[in-house]
Amino acid sequence: MSYSTQQIRNVALAGHPGAGKTSLFEALLHAGGAIQTAGTIERGSTVSDFDPMEKQRGHSIDAAIASTDHAGIHLNLIDTPGYPDFRGPTLSALAAVETVAVVVDADTGISYGTQRMMEHAKARGLCRVIVVNKIDHPGAKLGALLDNLRETFGPEVLPLNLPAEGGKSVINCFWQSTGTSNLGPVADWHQKIIDQVVEINETVMDHYLDVGEDGLSGQELHDAFEQCLREGHLVPVCFVSARSGAGVRELLDIAEKLFPNPGE
C-alpha cells in the first residue's frame with residue numbers, strides 16, 4: 001500500500017536503559033494491528049530484539065524499525081538502544097525521524113540517558129515528546145515526576161494526557177477540559193497547555209483573545225500545536241503502561257493527530 005507524505009509519521013523511541021522502549025515498541029505495534037501478540041523481553045520474543053545476543057543480554061544492541069497503520073496514517077517506529085556503549089545506532093536513527101519519543105521510567109524518573117537524549121534531540125532540531133512508562137506501578141510518584149520533568153527541561157514540558165484510575169487508564173487534557181485525574185482536575189492542565197500552544201502563533205493568539213477557546217477551529221489548534229513542537233516551544237508528556245496497554249492506543253491517536261510528517 002502506498003502512502004502520501006502527509007500520512008507518514010517517523011518516530012524514534014529513545015531514553016535510558018530499562019525505561020521500557022522495547023516493550024512500548026511492541027505495545028504500539030500490537031495496538032496498531034501489526035502483530036497479533038506483543039512479545040516480551042523475558043521470553044526473548046520481541047520484534048526488535050531478534051539478535052541472539054540481544055535475547056541473551058535482555059536489551060537492545062542495535063536500532064530496529066517496524067511500522068503499523070492507524071487511523072489512516074503509516075507510523076514508522078525505530079526502537080533504539082539505551083546503553084551508552086551502543087549509542088551510535090541511536091544517534092544515527094535520529095537522522096531518519098521528525099519526532100523523538102524519550103521514554104522515562106515512572107519508577108526511577110529522570111536518568112542520565114533521559115537527559116542525554118533530550119539534549120541530542122534538541123540539538124538536532126527534532127520534535128520531542130516525553131513518554132512516561134510504567135504508570136501502573138504502585139510505587140510510581142507521577143505527580144512528583146511531572147514536576148521534576150518541568151524543573152529539569154523547562155515550563156514548556158506539559159502533559160497531553162494524565163493518568164487516571166490508579167494508572168489503569170489516561171484522560172486527555174488537551175482536547176478535553178473536564179474530568180479528574182490522579183494528578184488533579186483536568187481543567188488546570190488543559191488551560192496551561194492551551195495557553196502554551198496558542199501563544200506561539202500571533203494569528204491564533206489574536207483569534208483566541210477575541211472569541212475564546214470554543215471559537216478556535218480544530219485545524220487552528222493542530223497547526224499551532226505542530227509549530228510549538230517544531231520550534232521547541234512545547235514538549236508534551238504522555239503517560240502509558242506498555243505492559244497493561246494503558247495509554248498506548250491514545251499515544252497512537254496523538255501520533256496520528258498531532259505529530260508532524262516528513263513534509264512539514
Side-chain angles (χ1 to χ4, degrees), residues 3-11 70-75 97-102 118 121-122 124-132 143 146-147 149-164 169-181 183-240 247 249-264:
Y3 303 91
S4 67
T5 302
Q6 288 71 28
Q7 292 174 294
I8 295 173
R9 308 289 185 272
N10 299 311
V11 181
H70 178 73
I73 64 116
H74 184 69
L75 178 62
V97 302
E98 294 74 47
T99 304
V100 179
V102 180
M118 287 289 285
K122 183 178 182 179
R124 290 173 179 254
L126 297 171
C127 302
R128 293 173 296 162
V129 177
I130 296 173
V131 181
V132 177
L146 181 57
D147 289 342
L149 287 167
R150 301 192 75 213
E151 290 170 6
T152 304
F153 301 115
E156 62 269 26
V157 173
L158 288 166
L160 274 181
N161 57 37
L162 296 164
S169 66
V170 298
I171 183 169
N172 190 289
C173 60
F174 180 58
W175 299 110
Q176 184 173 327
S177 60
T178 59
T180 302
S181 73
L183 304 187
V186 167
D188 296 344
W189 290 107
H190 173 78
Q191 193 60 55
K192 289 179 181 178
I193 194 168
I194 290 295
D195 289 345
Q196 185 77 6
V197 166
V198 299
E199 71 179 17
I200 193 72
N201 186 299
E202 186 174 342
T203 302
V204 176
M205 184 64 170
D206 289 343
H207 194 198
Y208 174 68
L209 293 174
D210 287 342
V211 302
E213 182 187 339
D214 291 340
L216 295 177
S217 69
Q219 190 63 47
E220 283 179 303
L221 283 175
H222 173 274
D223 292 347
F225 185 96
E226 280 200 2
Q227 184 179 351
C228 282
L229 275 183
R230 292 193 301 271
E231 297 183 12
H233 190 67
L234 175 67
V235 179
V237 180
C238 302
F239 290 88
V240 305
R249 186 163 291 277
E250 288 82 354
L251 184 56
L252 282 178
D253 290 337
I254 289 167
E256 179 256 323
K257 291 182 174 69
L258 299 173
F259 285 8
N261 62 63
E264 294 173 327

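Below, each value reflects all heavy atoms present in this structure, side chains not excepted, and no hydrogens, waters or symmetry copies.
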Donor-acceptor pairs are to be reported for all side-chain atoms of residues 187-198 against protein atoms at under 3.5 Å, with residues two or more places apart or in another chain.
residue: H190; atom: ND1; partner: C173; partner atom: O; Å: 3.1
residue: H190; atom: ND1; partner: F174; partner atom: O; Å: 3.1
residue: H190; atom: ND1; partner: Q176; partner atom: O; Å: 3.1
residue: H190; atom: NE2; partner: E213; partner atom: OE1; Å: 2.9
residue: H190; atom: NE2; partner: E213; partner atom: OE2; Å: 2.7
residue: Q191; atom: NE2; partner: D195; partner atom: OD1; Å: 2.9
residue: Q191; atom: NE2; partner: Y208; partner atom: OH; Å: 3.0
residue: D195; atom: OD1; partner: Y208; partner atom: OH; Å: 3.3
residue: Q196; atom: NE2; partner: H233; partner atom: O; Å: 2.6

**Prompt:** If you look at every heavy atom in N261 and T5, which pair is closest and at what distance?
**Reply:**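 It is CB-O, 3.3 Å.
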
**For the student: nearest non-hydrogen atoms of L216 and V204, plus distance** =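 Shortest heavy-atom contact: CD2-O, 4.0 Å.
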
Only counting residues at least two apart or in another chain, list the ones meeting side chain to side chain donor-acceptor pair (under 3.5 Å) with [X].
X	answer
T99	none
Q219	D223
S4	Q7
E231	Q227

**Prompt:** Side chains of N10 and E98: donor-acceptor distance under 3.5 Å anywhere?
**Reply:**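 A pair is found: one side chain offers a donor N or O, the other an acceptor, under 3.5 Å apart.
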
Taking the side chain as every heavy atom from C-beta outward, state whether [X] and [Y] have any pair of such atoms under 4.5 Å apart.
X	Y	answer
L160	F225	yes
V129	F259	yes
L162	I171	yes

**Prompt:** Has the side chain of H222 got a donor or acceptor atom that lies under 3.5 Å from a matching backbone atom of K257?
**Reply:**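 It does hold such a pair.
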
To the nearest 0.5 Å, tell me how far [X] [atom1] sits from [Y] [atom2].
X	Y	atom1	atom2	answer
E256	L251	CD	CG	12.0 Å
D253	C238	CG	SG	10.5 Å
H207	S217	NE2	OG	7.5 Å
I73	R9	CD1	CZ	5.5 Å
M118	L126	CE	CG	11.5 Å

**Prompt:** Testing I254, I130, L158, L229 for side chain to side chain contact (heavy atoms under 4.5 Å, CB included) with P236, which one passes?
**Reply:**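 It is L229; the other options fail the test.
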
**Request:** Test V235 against every option in R128, K122, R150 by the side chain to side chain contact (heavy atoms under 4.5 Å, CB included) rule and name the one that passes.
**Result:**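 Single side chain to side chain contact (heavy atoms under 4.5 Å, CB included) partner of V235 among R128, K122, R150: R128.
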
**Message:** F153 vs V102, test: side-chain contact (heavy atoms from CB on, under 4.5 Å). Steps then yes/no.
**Reply:** CA-CA 12 Å; F153 301 115; V102 180; over 6 Å; no

**Asked** With E250, which residues qualify under side-chain contact (heavy atoms from CB on, under 4.5 Å), at least two apart?
**Response**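 In terms of side-chain contact (heavy atoms from CB on, under 4.5 Å), with neighbours along the sequence ignored, E250 is linked to N161, V170.
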
**Message:** Checking T180 now: which residues fulfil side-chain contact (heavy atoms from CB on, under 4.5 Å) with it, not counting sequence neighbours?
**Reply:**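 So T180 forms no side-chain contact (heavy atoms from CB on, under 4.5 Å) with any residue.
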
